[in-house]
Amino acid sequence: MIRILTLTALLCFLGAMVVAEPSPEDSLVKLSLDPAQIHVSTFYKGADIHVSAKVGECDGAVLLLTAGEEEETLNRKGRVAGIWLNVAQVTVSHVPRIYILGTSDRLENICSPEVQKEFGLGEESLREQVQFTCEKPLTGSEFDEFLKLKVDNGTYNMNVKVDLVPAGPGQKELSAMLPVPPTVPPGTYTVQLYCFKDGKPVERGSAQLSIVRVGLARVMASLADNDPAVYGVVAIVVAMIVGIGMGLIFSSRPGSGH
Amino acid sequence: MSDLYIYLPIANVSVHIFVLLGLGLLVGFLSGLFGVGGGFLLTPLLMMIGIPPTVAAASDANQIVAASTSGTFAHWRLGNVDFKMGLILVAGGIVGGTLGVQLIKVLRAAGNADFVIKITYVVMLGIIGSYMFQESLKNLRPRPLPGIGVIPQKKSWFGGCCESLPLKVNFEKSGITLSIFMPIILGTLVGVLSALMGVGGGFIMVPVMVYMLRMPMHVVVGTSLFQVLFTCINVTFMQSYYNHTVDLILAVFLLVGSTTGAQLGARVSSRLKADQLKIILASIVLLVMINMALGLILHPGTLLSYKGGH
């Protein structure tokens, strides 16, 4: 009896495996990033990452540039005696450091809310992911304010256009330009691609994007963080040398000080 | 031209080079034009272009090191620096600057550093702007004939207090004798404001020297620059060491702009009427103050903000 039941369960499981849609892991797409490494140098002003891939027959694609979850402490403003003050600290957990989302169509036209939540796509799934705690009662508007802050800062953007054009039989060419603002800190980030057909995932791919400080920007940031005393002395000496130099250029006319 | 952005590694923002040079040039031009420091205008302007307030204040102090170095050097060559008075003010300024930096550290931990910096600005700009406006208006009115309307100097409550303080010291260069506690206390107060506002304190120190310490005007500017130099060296070091908020790249771009602007301003000022110019400066100061005050009163764009400066 036990053997029959075990056999039946095994058959049911195998049957389900055959009937189910192919898992996204089964069909991986090669994703190309140009550049795959961003160098933050003296003249850095953010970067645009060109993402391209050859995908199979699909009717919608979603690109997501994101990084691991972290915890952030934010100040909550409130009005006290007519003046806007920081009145409480809000701890926000499961915060992606960056969240740049690109779609080939409106997200609700590409996949269902359940699928969006499953893959962490879009505003509503982000709303479920990010958690707020505060010593004072939550107001309920925390997520909207948090999103506004991140969008203003440029680290969250859900309006990137993904182009999906036919490229031969059963193939499409995907391309998009993902904007990375200068405020995104150095680190390793992941670009994920999800392709959907009739609302179901059919293909996926991912690629790593790294942001590294180089040259003067790297020297300055590292000195300021690791050796602040030396950085302070350097800042003073450089300022004095430049001050004397500029003074000599203009014949040190007095009265231009503070 | 549109690609000329500079990345500021401590502020972690990118700003167009011409915006930084332009701000430095504008503030330096006003400084040279009106003979007052531009630090108190530069920090709020930096905040307006998106530099975090604590980085703006600390980097402004760094660029004032450069401006006051060349100024002190020039005045020293002319023999217009009272080093004895300057060193006592420096001692007070270092104590005040250190206290101010620690105060910022505590306020940052509590999340209110930016608010305190802004409110200090609103109050100081309000007082200075109103005073300058009033003084300039008064000077533009027809003056009484010589010998008529001279108000006899009477000893104030403040003057009485100053005279009662012990440890009198003679300052030969300035030709005055007063208690050593006077410059120490005043230097400390200016030092605290320097750290909070990222300014050299010259715009507070000059009236303090003229009206409270009764120093002659020709010695005031050089001695003030000497004191400001050391106060800002201390503030720059402390801000770098404790708060990691000095952006040297930002400071260098600002001072290249401001030193150039100061020279241009000084040349233009000789061709214009002083009191009319002062009214324009007072109006600019008051406009900056109103803008900052509105920022504290009007509903902010977002009700959440990042903790700390950067």
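Every chain is numbered from 1, with letters handed out A, B, ... down the list of sequences.
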Of A/Val234, A/Ile241, A/Asn153, the largest count of non-hydrogen pairs under 4.5 angstrom with chain B goes to A/Asn153
Between A/Tyr44 and B/Tyr7, the two heavy atoms sitting closest are O-CB, 3.5 Å
Note: vs chain A, highest number of non-hydrogen pairs under 4.5 angstrom among B/Gly295, B/Ala251, B/Pro300 is B/Pro300
Bottom line for B/Ser59: the part with an atom under 4.5 Å from chain A's heavy atoms is neither
**Asked** Are any of the side-chain heavy atoms of B/Leu303 and A/Trp84 separated by less than 4.5 Å?
**Response** yes
Counting heavy-atom pairs under 4.5 Å with chain B, the top scorer among A/Gly232, A/Ala221, A/Ala239 is A/Ala239
Among B/Val15, B/Leu8, B/Ile233, the residue with the most heavy-atom pairs under 4.5 Å to chain A is B/Ile233
Here the pair of heavy atoms bringing A/Ile236 nearest to B/Asn62 is N-ND2, 4.2 Å
Residues of residues 179-188 of chain A with a heavy atom under 4.5 Å from any heavy atom of chain B, in residue-number order, are A/Pro182, A/Thr183
**Q.** Heavy-atom donor-acceptor pair, B/Thr69 side chain to A/Ile244 backbone, under 3.5 Å
**A.** no
Value for CG (A/Asp152) from OG1 (B/Thr302), rounded to nearest 0.5 Å, stands at 6.0 Å
Most contact-rich option vs chain B, by heavy-atom pairs under 4.5 angstrom, among A/Lys77, A/Glu72, A/Arg76, is A/Lys77
When rounded to the nearest 0.5 Å, the distance separating CG of B/Leu229 from CE of A/Met240 is 5.0 Å
So, the part of B/Val246 with a heavy atom under 4.5 Å from chain A: the answer is both
CG (B/Leu248) and CG (A/Leu216) are apart, to the nearest 0.5 Å, by 8.0 Å
Using atom types as modelled and distance alone, determine if a side-chain donor or acceptor of A/Lys148 lies under 3.5 Å from a backbone N or O of B/Gly301.
yes
Applying a strict 4.5 Å limit to non-hydrogen atoms, the region of A/Ser41 in contact with chain B is backbone
Legend entry - Under 3.5 Å: donor-acceptor pair, side chain of A/Tyr231, backbone of B/His244: no
Ranked by heavy-atom pairs below 4.5 Å to chain A, first place among B/Leu255, B/Val13, B/Val252 goes to B/Leu255
Closest non-hydrogen contact found for A/Ala235 with B/Thr236 is CB-CG2, 4.1 Å
Turns out that what part of A/Val92 lies under 4.5 Å from chain B's heavy atoms comes down to neither
**Asked** Under 4.5 Å between any side-chain heavy atoms of A/Phe43 and B/Leu4, yes or no?
**Response** no
In terms of heavy-atom contacts, B/Pro9 and A/Arg213 come closest through O-NH2, 3.5 Å
Residue from B/Gln239, B/Met238, B/His299 scoring the most non-hydrogen pairs under 4.5 Å with chain A is B/His299
CG of B/Leu304 to CZ of A/Phe143, rounded to nearest 0.5 Å, is 11.5 Å
d(A/Arg79 CZ, B/Ile297 CD1) to nearest 0.5 Å is 8.0 Å
Turns out that what part of B/Ile17 lies under 4.5 Å from chain A's heavy atoms comes down to side chain
Closest heavy-atom pair, A/Leu149 versus B/Ser305, reported as atoms and distance to 0.1 Å, is CD1-CA, 4.1 Å
Check your understanding: Does a sphere of radius 6.0 Å around CZ in A/Arg97 hold more than 12 heavy atoms from other residues, nucleotides or ligands, not counting ones at 6.0 Å or beyond?
Key -> yes
